[in-house]
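Below: one structure, written as structure tokens.
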2 protein chains.
Amino acid sequence: MKDVAVAAGVALKTVSRVVNDERGVSPETTERVLSAIQRLGYRRNESARVLRAGRTASIGLVIEDVADPFYSGISRAVEDVALGHGSLVLSGSSGEQPLRERELVLTFCSRRVDGLIIVPAGSDHDYLRPELDAGIPAVFADRPGGLDADTVTCDNAGGAHTGVTHLIRHGHRRVAFLGDSASIFTAAERLHGYRRALRDAGLPADETLISMGPPERAGAALARMLSGQAPPTAVFTGNGRITVAVLRTGHRLAMVGFDDFELADLLVPGVTVVAQDPVELGRTAAELLFRRVLGETGPAARVELPTRLIARGSGELRPPDLP
Amino acid sequence: MKDVAVAAGVALKTVSRVVNDERGVSPETTERVLSAIQRLGYRRNESARVLRAGRTASIGLVIEDVADPFYSGISRAVEDVALGHGSLVLSGSSGEQPLRERELVLTFCSRRVDGLIIVPAGSDHDYLRPELDAGIPAVFADRPGGLDADTVTCDNAGGAHTGVTHLIRHGHRRVAFLGDSASIFTAAERLHGYRRALRDAGLPADETLISMGPPERAGAALARMLSGQAPPTAVFTGNGRITVAVLRTGHRLAMVGFDDFELADLLVPGVTVVAQDPVELGRTAAELLFRRVLGETGPAARVELPTRLIARGSGELRPPDLP
DNA sequence: CTGAAAGCGCTAACAC
DNA sequence: GTGTTAGCGCTTTCAG
């Protein structure tokens with residue numbers, strides 16, 4: 001910048017003015033500065049600018065894994081909203097490890113991001129308190145965090161309730177539930193929805209038909225149930241990865257899965273799902289965040305997004321004894 | 001930092017020393033500083049540090065769309081390598097628009113990223129020249145850029161050749177090629193591979209069996225071919241999205257697709273594909289980049305990753321006249 | 001309309 | 001061991 005000033009025969013501040021489109025510079029001076037900038041290949045150092053301005057025009061996004069289509073949908077939506085606000089996105093995958101989440105968040109904070117969108121891996125967010133107090137707004141997405149901040153979730157319990165009720169309406173009385181580890185908020189919520197659906201239908205809850213754990217183990221869990229005393233005639237799967245794991249076992253049960261996925265309609269039978277909308281989730285979280293970044297105060301918002309049942313065949317299969 | 005120094009009764013530099021784990025500070029002073037840091041909730045401002053140090057410990061990644069599994073695989077791999085080098089990733093989706101690619105890259109540069117990984121949307125990268133000269137290394141991934149920089153691609157032509165030859169070996173003499181827009185490097189390369197495979201097999205190239213264009217139009221293009229004079233008995237699809245589009249048409253042709261995808265094995269018949277490895281692509285690009293960031297000079301590297309044919313059924317169907 | 005000086009938060013270089 | 005000084009590249013006063 002100094003070089004440009006010298007080359008154009010003006011003061012530093014004048015170059016700054018031109019670069020920032022500030023008014024009050026004569027057209028000819030502007031011209032001279034612009035040509036010097038061109039000639040020297042000058043580009044403003046954003047880091048220095050940030051140091052003065054305080055705002056970095058960047059936000060931090062912590063998700064579980066970019067390579068998972070659910071989270072990459074969120075990512076893309078966040079990115080688009082951020083770009084609309086002239087902001088960049090620093091993102092990182094926590095891999096469901098609270099420690100890594102924490103490290104990523106703190107790293108982002110030390111780079112003075114203007115705000116954070118976090119899909120919480122852990123439930124303890126005390127480490128965030130000082131940052132929030134320091135004025136860095138945060139929004140929790142997909143799951144609530146352990147802090148009173150803006151939160152966007154899906155109607156997990158309601159969605160599971162709808163899906164399980166759908167199976168029950170098609171004549172099933174023994175519906176298995178295969179969910180992710182119970183420590184994950186969404187998994188626990190969906191299990192609640194399952195239990196409530198059984199209760200609402202006046203069906204007993206058989207604990208041998210419930211299995212919570214990582215997707216890799218879902219196939220084996222189902223096999224155990226099927227070889228048990230009173231096997232299920234239908235299964236509700238608690239997320240997309242479990243749905244796929246169960247499909248790979250090649251069973252022929254009625255089935256409804258939480259999360260839509262590409263090609264669900266091309267399988268035979270088509271897979272009936274309870275769909276969430278990751279893009280909407282990301283968009284909403286980002287908009288909430290930028291509202292805060294722009295200075296909005298007020299109590300923490302809690303947004304719950306609806307789910308949608310998409311019937312494609314697998315959820316409409318009747319139990320063997322009811323043709 | 002100044003506050004911490006005052007609170008601990010030491011000079012600024014001493015705080016800096018403690019924060020940076022520099023040697024030469026007595027244990028008790030360290031203790032005093034640490035407790036002051038704790039008390040005041042101090043966290044170093046990375047922007048200021050960057051301004052001094054010159055390195056930002058961040059890299060920029062421009063891909064086409066994070067929401068596409070191929071690119072999100074790349075993303076994740078880049079992120080992991082970057083984290084291993086203590087670096088963060090700024091990422092953005094170009095949406096295949098050269099202008100947006102350019103804007104993202106220049107924005108990243110003005111934030112002084114240490115390096116760039118670019119999946120080129122356009123082919124003209126003159127705008128990058130000054131940045132490269134200014135010492136910001138760049139690596140092109142998936143497609144070569146219009147500049148002499150490190151590049152990682154897949155063996156597009158070879159992969160297509162293998163896939164098409166596979167169909168020919170199963171008795172097909174009329175193999176259609178449905179590729180993405182010819183302006184996209186990978187699409188053009190794969191078309192070359194297709195043509196070469198026909199030539200190598202002594203088969204004539206029938207231009208009515210070739211269609212290049214956006215995935216949305218692939219279904220219609222195939223329908224046109226099938227209702228033509230001499231319809232194809234097999235089809236080679238030029239990328240994952242086209243493969244899916246073609247599957248949705250519900251045809252019953254023999255088929256091999258470029259790009260593997262989840263559930264390809266669960267469809268009936270299973271979909272035979274030529275698989276690339278996005279994770280390996282991202283990893284290689286990132287490693288190449290960090291080698292440059294760490295000071296390696298020397299001529300631009302060109303890495304070509306192999307592809308792999310995975311037979312699952314659809315590519316082994318024989319033509320109707322050869323049972 | 002333009003410029004000079006101060007300082008954002010930090011670290012490198014050199015005292016003490 | 002510790003402190004002082006200068007300056008990274010920019011913007012924000014406040015004077016011309």
Side-chain angles (χ1 to χ4, degrees), chain A residues 1-34 36-37 40-58 86 106-114 130-131 134-136, chain B residues 1-34 36-37 40-58 86 106-114 130-131 134-136:
Chain A
M1 186 148 169
K2 207 165 60 186
D3 296 346
V4 172
V6 171
V10 296
L12 218 63
K13 175 62 204 175
T14 303
V15 179
S16 173
R17 283 201 180 94
V18 172
V19 169
N20 291 299
D21 278 330
E22 279 174 48
R23 29 162 257 153
V25 183
S26 75
E28 47 200 50
T29 311
T30 305
E31 190 48 52
R32 219 147 22 100
V33 171
L34 249 26
I37 286 178
L40 273 62
Y42 166 79
R43 200 146 293 139
R44 178 173 58 189
N45 182 329
E46 212 61 26
S47 306
R49 176 185 155 79
V50 152
L51 186 57
R52 279 266 29 172
R55 287 195 55 233
T56 55
S58 59
L106 291 182
T107 307
F108 290 161
C109 286
S110 73
R111 304 220 173 187
R112 296 297 186 269
V113 290
D114 298 332
E131 311 298 340
I136 301 186
Chain B
M1 186 148 169
K2 206 166 62 184
D3 296 345
V4 172
V6 172
V10 296
L12 218 63
K13 177 62 203 176
T14 304
V15 180
S16 172
R17 283 198 180 96
V18 172
V19 169
N20 291 299
D21 279 331
E22 279 173 48
R23 28 164 257 153
V25 184
S26 76
E28 46 200 51
T29 310
T30 305
E31 188 49 52
R32 215 143 29 93
V33 172
L34 249 26
I37 286 177
L40 275 61
Y42 165 80
R43 200 145 296 139
R44 178 173 58 188
N45 182 329
E46 212 63 25
S47 306
R49 177 185 156 78
V50 152
L51 186 57
R52 278 263 33 166
R55 287 196 54 235
T56 56
S58 59
L106 291 183
T107 307
F108 290 162
C109 285
S110 73
R111 304 221 173 187
R112 296 297 188 269
V113 290
D114 298 332
E131 313 297 341
I136 301 185

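Every chain is numbered from 1 and lettered A, B, ... according to where its sequence line falls, protein lines coming before strand lines.
Straight-line distance from the NZ atom of B/Lys13 to the P atom of D/dA6: 16 Å, rounded to whole Å. The distance from atom CD of B/Glu46 to atom C1' of C/dT11 is 12 Å, rounded to the nearest whole Å. When the C1' atom of C/dC10 is taken as reference, atom CG of B/Asp3 falls 14 Å away, rounded to whole Å. Distance A/Lys2 NZ to C/dG3 P: 16 Å, rounded to the nearest Å. Rounded to an integer number of Å, the gap from A/Leu12 CG to D/dC14 P is 19 Å. Rounded to an integer number of Å, the gap from CZ of B/Arg23 to C1' of D/dG1 is 11 Å. Remark: P of C/dA4 and CE of A/Met1 are 13 Å apart, rounded to the nearest angstrom. If you measure from atom CD of B/Glu22 to atom P of D/dG3, you get 14 Å, rounded to the nearest angstrom.
One finds a side-chain N or O of B/Ser16 lying less than 4.0 angstrom from the OP1 or OP2 phosphate oxygen of C/dT11. Contact check, B/Ser47 against C/dG9: no side-chain N or O comes under 4.0 Å of OP1 or OP2.
Set against D/dT4, D/dC10, C/dC10, the side chain of B/Arg52 has C/dC10 as its closest nucleotide. Taking only side-chain atoms of B/Leu51, from C-beta outward, the nucleotide of D/dC8, D/dC10, C/dA12 with the closest atom is D/dC8. Candidate nucleotides C/dG9, C/dA12, D/dT11 were compared by shortest atom distance to the side chain of B/Asn45, and C/dG9 ranks first.
Residue contacts shown for A/Val10 are limited to sugar-phosphate atoms, with no base heavy atom under 4.0 Å away. Counting non-hydrogen atoms under 4.0 angstrom, B/Thr29 reaches the backbone sugars and phosphates but no base. As judged by a 4.0 angstrom heavy-atom cut-off over every strand, B/Val19 is placed among residues making no nucleic acid contact. When heavy atoms are screened at a 4.0 angstrom cut-off, A/Arg44 is found touching the sugar-phosphate backbone but no base atom.
B/Arg17 contributes no side-chain N or O that forms a donor-acceptor pair with the base of D/dG1 under 3.5 Å. Within 3.5 Å, no donor on the side chain of B/Arg49 pairs with an acceptor on the base of C/dG9, nor the reverse.
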From CA spacing to verdict: side chain to side chain contact (heavy atoms under 4.5 Å, CB included), A/Arg112, A/Val50: CA-CA 9 Å; A/Arg112 296 297 186 269; A/Val50 152; 5.7 Å; no

Verdict with supporting geometry, A/Thr29 and A/Arg17, side chain to side chain contact (heavy atoms under 4.5 Å, CB included): CA-CA 11 Å; A/Thr29 311; A/Arg17 283 201 180 94; over 6 Å; no

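One distance of note links CE of B/Met1 with CG of B/Leu40; it measures 13.0 Å at 0.5 Å rounding. A/Glu28 contributes atom CD, which lies 9.0 Å from atom OG1 of A/Thr30 (distance to the nearest 0.5 angstrom).
Judged by distance alone, with hydrogens and angles left aside, the side-chain atoms of B/Arg111 form no donor-acceptor pair with the main-chain N or O of A/Glu46 at under 3.5 Å.
Nearer to the 5' terminus of DNA chain D, by closest-nucleotide assignment, is the contact made by B/Thr14 (compared with the other of A/Asn20 and B/Thr14).
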